[in-house]
Colleague: 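Sending over a structure as structure tokens; questions will come in a sec.
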Protein chains: 4
Amino acid sequence: MIEVALFGAGRIGKIHAGNIAGLRGQARLKYVVDVDRDAAVEMAAKYRAEVRTVDAALADEAVRAVIIASSTDTHADLIQKAAAAGKAIFCEKPVDLDIVRARTCAHTVGRTGVVCLIGFQRRYDPTFVALKQRLDAGEIGNAEMLIITSRDPGAPPIDYIGRSGGIFKDMLIHDFDVFRWILNDEAASIYATGSCLTDPAIGGAGDIDSTAVTIRTRHQRLVQISTSRRAAYGYDQRFEVLGAKGMLQAGNHKPTEVLAHTAVSVSEDKPEPFFLERYRAAYAREMEHFLEAINEDVAPRATINDGVKALELADAAMRSWREKRVIEL
Amino acid sequence: MIEVALFGAGRIGKIHAGNIAGLRGQARLKYVVDVDRDAAVEMAAKYRAEVRTVDAALADEAVRAVIIASSTDTHADLIQKAAAAGKAIFCEKPVDLDIVRARTCAHTVGRTGVVCLIGFQRRYDPTFVALKQRLDAGEIGNAEMLIITSRDPGAPPIDYIGRSGGIFKDMLIHDFDVFRWILNDEAASIYATGSCLTDPAIGGAGDIDSTAVTIRTRHQRLVQISTSRRAAYGYDQRFEVLGAKGMLQAGNHKPTEVLAHTAVSVSEDKPEPFFLERYRAAYAREMEHFLEAINEDVAPRATINDGVKALELADAAMRSWREKRVIEL
Amino acid sequence: MIEVALFGAGRIGKIHAGNIAGLRGQARLKYVVDVDRDAAVEMAAKYRAEVRTVDAALADEAVRAVIIASSTDTHADLIQKAAAAGKAIFCEKPVDLDIVRARTCAHTVGRTGVVCLIGFQRRYDPTFVALKQRLDAGEIGNAEMLIITSRDPGAPPIDYIGRSGGIFKDMLIHDFDVFRWILNDEAASIYATGSCLTDPAIGGAGDIDSTAVTIRTRHQRLVQISTSRRAAYGYDQRFEVLGAKGMLQAGNHKPTEVLAHTAVSVSEDKPEPFFLERYRAAYAREMEHFLEAINEDVAPRATINDGVKALELADAAMRSWREKRVIEL
Amino acid sequence: MIEVALFGAGRIGKIHAGNIAGLRGQARLKYVVDVDRDAAVEMAAKYRAEVRTVDAALADEAVRAVIIASSTDTHADLIQKAAAAGKAIFCEKPVDLDIVRARTCAHTVGRTGVVCLIGFQRRYDPTFVALKQRLDAGEIGNAEMLIITSRDPGAPPIDYIGRSGGIFKDMLIHDFDVFRWILNDEAASIYATGSCLTDPAIGGAGDIDSTAVTIRTRHQRLVQISTSRRAAYGYDQRFEVLGAKGMLQAGNHKPTEVLAHTAVSVSEDKPEPFFLERYRAAYAREMEHFLEAINEDVAPRATINDGVKALELADAAMRSWREKRVIEL
């Protein structure tokens, strides 16, 4: 039975708390930490946990694992402290907005030898996992091209965008991770361009809302990423891999399998509304995997080094966009 | 070069005339016969053919084939005359509304030995043909159940319904033919029921517009047919075969492959509007096959005996519906 | 907090126990009862419940609800006892194989006024529920025809078939319930036929494995049901409703959204393997609804009278099949 | 009745000859010109046309239109001569491999005022046309991103590749045209990268077989093009447009609508094998449009200036690829 301290009782923290509860007999939420005390109290009550401060939670030797689901600017400090305390760490992406701090965290994790899993939940999505397994099994031969589509249903509030580190660190960081995971390959060069098309306020905040990114890998493969802050039809999360012997596509998930034939058209459900619905199964599987990493000493599917790599690509993409040129890596 | 006389310059006659023209160098429309002289003249002008009477057309020894696309009540007489004249015959379904007359025609055809193909065009539809080939090749093992869906976009005029012989002879005759063709099997019993749900005037004409038919075959297979005079979403022509090792389905055809994602749904085109669009390729292939049957002495894919069999089933279905009981065959 | 006694710790009992645990704070599994003591002990340990006899469990006034997931032959007795003890009842289908006993149970439930929900889980499936809501909202106008496809991936052991009451009571009872629920209509006549096509041993046990059923409703609608004990491609659970203004279809669910393009074809996942996977969400929703029925005094979506009605149709279908005739109801 | 001279009796010439024949009464093939005299004679015999030299064909005043379907290196000369002779011109893409010569042709066409249509047949494909009409009608609001997928089933012979002008002028020229047509917009910058992944011989010929192109338009839209010389699953011709209110996708066409459910998967036909099958309807419609352009004085849907623009983009793409940098236009 792994006892867990959870830092952050917000939207994503609630998902993780629920998933720990679902792992009845294997893990238990012991402490909830949040600067919003009401949120912490409510969650603690629901799961029979207790509210604590960071230091108090880390001081309890019975706590073997922490989940860092608080705001991005707290991640690095919490990773440092938790690693120093010898706890297994599950940290939401990104490690930090600053690559130097992120690398320092990775160094600490390496030195202390604690388990550290970064929350790239797409690596646990049943559709994406099945595609990767079939690709790795050789079903379509050697992969040649990867096309990633990643569009949110709508933009977050402008003040969030201002703090987000920009679309490349906030949204595409997932795509930069997925591409490395799917292809088992690294970027050799990157070209990123983008526009502000959905809301001038996003441009006013110094950001863009629509991007087109091209990566050439060390093995000469070609990757194209298409992202937007706004897809009127829901959360659009697809990709396709062209290989020597065929193509594999990962499509969107939809709520039901109802098909309607009318005088106008034949229609089905649009995709799931957003990440909480689309990645429900992925989040649950990710938490199971965190326990496996702790109990069975298997390497986390997404390590802190993966977190650093994705951030490096986000930095390079931002530079490419600003300087209007290809960046060699 | 086969020279052809066409009886009937209406909707379906025009299809056949166009398809003959497409068989450049293999067949030529020589005569057009129609009680509507204007229609005959117009078609003759278009294809450089001549207008003739039935007898004049049949008297020309250069004419080797006739196409009977005139009204149902003329079919039997024309078959008799054309067979007597030694012409190859392509006759639209049904042979006749009266089973005795239909059998007499079949007898004449058999006695004279002329080629006679009945216009069950579904047997030439690319989707249906591909399904049958795959079924016959053993892809899903022995066929166990067949589900046929056959729905028109809307009912014909009431006066047509009154002359049509009823829904079983007018619409389901195609389904009774398709089932025999797909399964290579014969009906052992039939149960038909139906309702008048779309327009009371159809009931007023002594007919129904919605039917559910069940056939048990000599090999114990089960066939279900679902028909309606009205499908608001277009022409619905599907079937599925369940076999020991899987299932094959034949779906509708649609005009384009556009997919629209909106805030409401993901939609594609509804099916083709009606038989002229859906069976365009089938009609062309059917005419090619008619020439093959003449030139290469291959048996027509749909013979006059198939026409008689389908009519027998339509008669049995009508009896089942009226008497509310299962009919053993 | 509703405390629950569960009768039956087998396959379906485990589903219900897990779903109660998921309703943290609203319900709690207090007692497990099973003739297989090891199964009972194991489940009790997992959920911190206790093992009891039927009578002991019912004698505890703190227990407000029972779940009957034991073998069919025990259902009627347990309903009688639980109703007498004033417990809310969730009972798996069928109420009993004997219509007289089932009616007696329904009478007792009515007299005692206890909540009684019959486990027709399809009424809670997200796809089926969405279809019904859209139908009831008038999206396709008045329903005219309903086509139900219901095929298991494979037959149960022959000795189970011998005890099952036959395919109509064992498998089609769900379809007889679904049709009434979807259409808000009752059967006026029924015709059932069938064959033994997948395994002669099923015929040897006096049963069939493939059926075709036709129901005509009081409102003249037409219903066709196609069932088989064997679909090589997985669990096939579909239906379609034709209405005056269109058609709604409920399709199968599949494990992932991977699409593979190869030199042979474009393929997607086959349907979920069986009911535990397909109806996972339905079972969870059903348990939530049971609590709503207890707490909020709403009528159960599937009452014991619905259970009786489905059984009456199964009896009529069996008679129709044996006597090869249409049964008027 | 438009009398036509056809230059080139090869694969694409045959398509055009067949389509002219299908326009019975509106156009007639009068002359066939080809350096391969046997091919010319065969085609002439089939369509009752005559074999002529270029000059003889152009000298006949009765000939109002020419179709240039000969090898690329002959296009420019034939356009010049035909324009000088006052003939309406249908010329296959590209106008020429050299942009200067192409511009000279465009100048001549402009000066002489002859009708000149360039064979960008995708502009007539029913699926693409429907998508564009719906986009122009505002169905998804303002277009923001366009993703084009364009993959051949297999590479042409290496000696053809050597003469082809490279993948950007040979394959992507269609994509460069489609993007301008769909978006009614022009490129502001282009970035092209690529690899040789399918066959080293292609690299040996100085070419690549896989490309990823990004275009930023004058209206800040983003276009991504993915091409490959090899798609094992057939001819892959898709695109999607993301707009403010939704997304429109144009999918592949397939030969039949058969769906197969097996123990392995649910599969449908792979896409049509290559352009002759996929664009059969487009080629027929294109020829009809050519006659409309002549008879009704409507502007050709694809003019010689469109041909020049596509070539300019191909040149820029080649430069971008070779110099590994973004090209501003």
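Letters A, B, ... are given to chains in the order of the sequence lines, protein chains preceding strands, and every chain is numbered from 1.
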Colleague: Check this for me, if you would: do C/Arg230 and B/Glu144 make a salt bridge, where the nitrogen-to-carboxylate-oxygen distance has to be below 4.0 angstrom?
Modeller: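 Result for this pair is yes, salt bridge flagged.
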Colleague: Looking at every non-hydrogen atom in both residues, tell me the closest pair between C/Ala212 and B/Leu222 and how far apart they are.
Modeller: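 Where C/Ala212 meets B/Leu222 most closely, the heavy atoms are N-CD1, 3.8 Å.
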Colleague: Under 4.5 Å, counting heavy-atom pairs only, tell me which of B/Arg151, B/Lys324, B/Arg325 racks up the most with chain C.
Modeller: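 Most pairs with chain C among the choices: B/Arg151.
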Colleague: Just checking heavy atoms, which of residues 190-210 of chain B are less than 4.5 Å from chain C?
Modeller: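 Residues B/Tyr191, B/Thr193, B/Gly194, B/Ser195, B/Leu197, B/Thr198, B/Ser210 are the ones that qualify, each having a heavy atom under 4.5 Å from chain C.
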Colleague: Does any heavy atom of chain C fall under 4.5 Å from the side chain of B/Ile225, the backbone, both, or neither of them?
Modeller: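 The answer is the backbone of B/Ile225.
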Colleague: Given that the side chain runs from C-beta out, which part of B/Val223 has a heavy atom under 4.5 Å from chain C: side chain, backbone, both or neither?
Modeller: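 Interface part for B/Val223: neither.
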Colleague: Using non-hydrogen atoms only, which part of B/Asn142 is less than 4.5 Å away from chain C: side chain, backbone, both, or neither?
Modeller: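 Contact with chain C: none, neither part.
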Colleague: Closest heavy-atom contact between C/Thr227 and B/Met145?
Modeller: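 Taking C/Thr227 first and B/Met145 second, the nearest heavy atoms are O-SD, 3.6 Å.
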Colleague: Can you establish whether the number of heavy atoms outside B/Arg238 located under 6.0 Å from its atom CZ is more than 12?
Modeller: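 Yes.
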Colleague: Under a 4.5 Å cutoff for heavy-atom pairs, which residue among C/Gln224, C/Arg216, C/Arg221, C/Gln220 has the most contacts with chain B?
Modeller: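 Most pairs with chain B among the choices: C/Gln224.
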Colleague: Which residues, numbered in order, of residues 240-250 of chain C come under 4.5 angstrom of chain B by heavy-atom distance?
Modeller: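 Hits under 4.5 Å: C/Glu240, C/Leu242, C/Ala244, C/Lys245, C/Gly246, C/Met247, C/Gln249.
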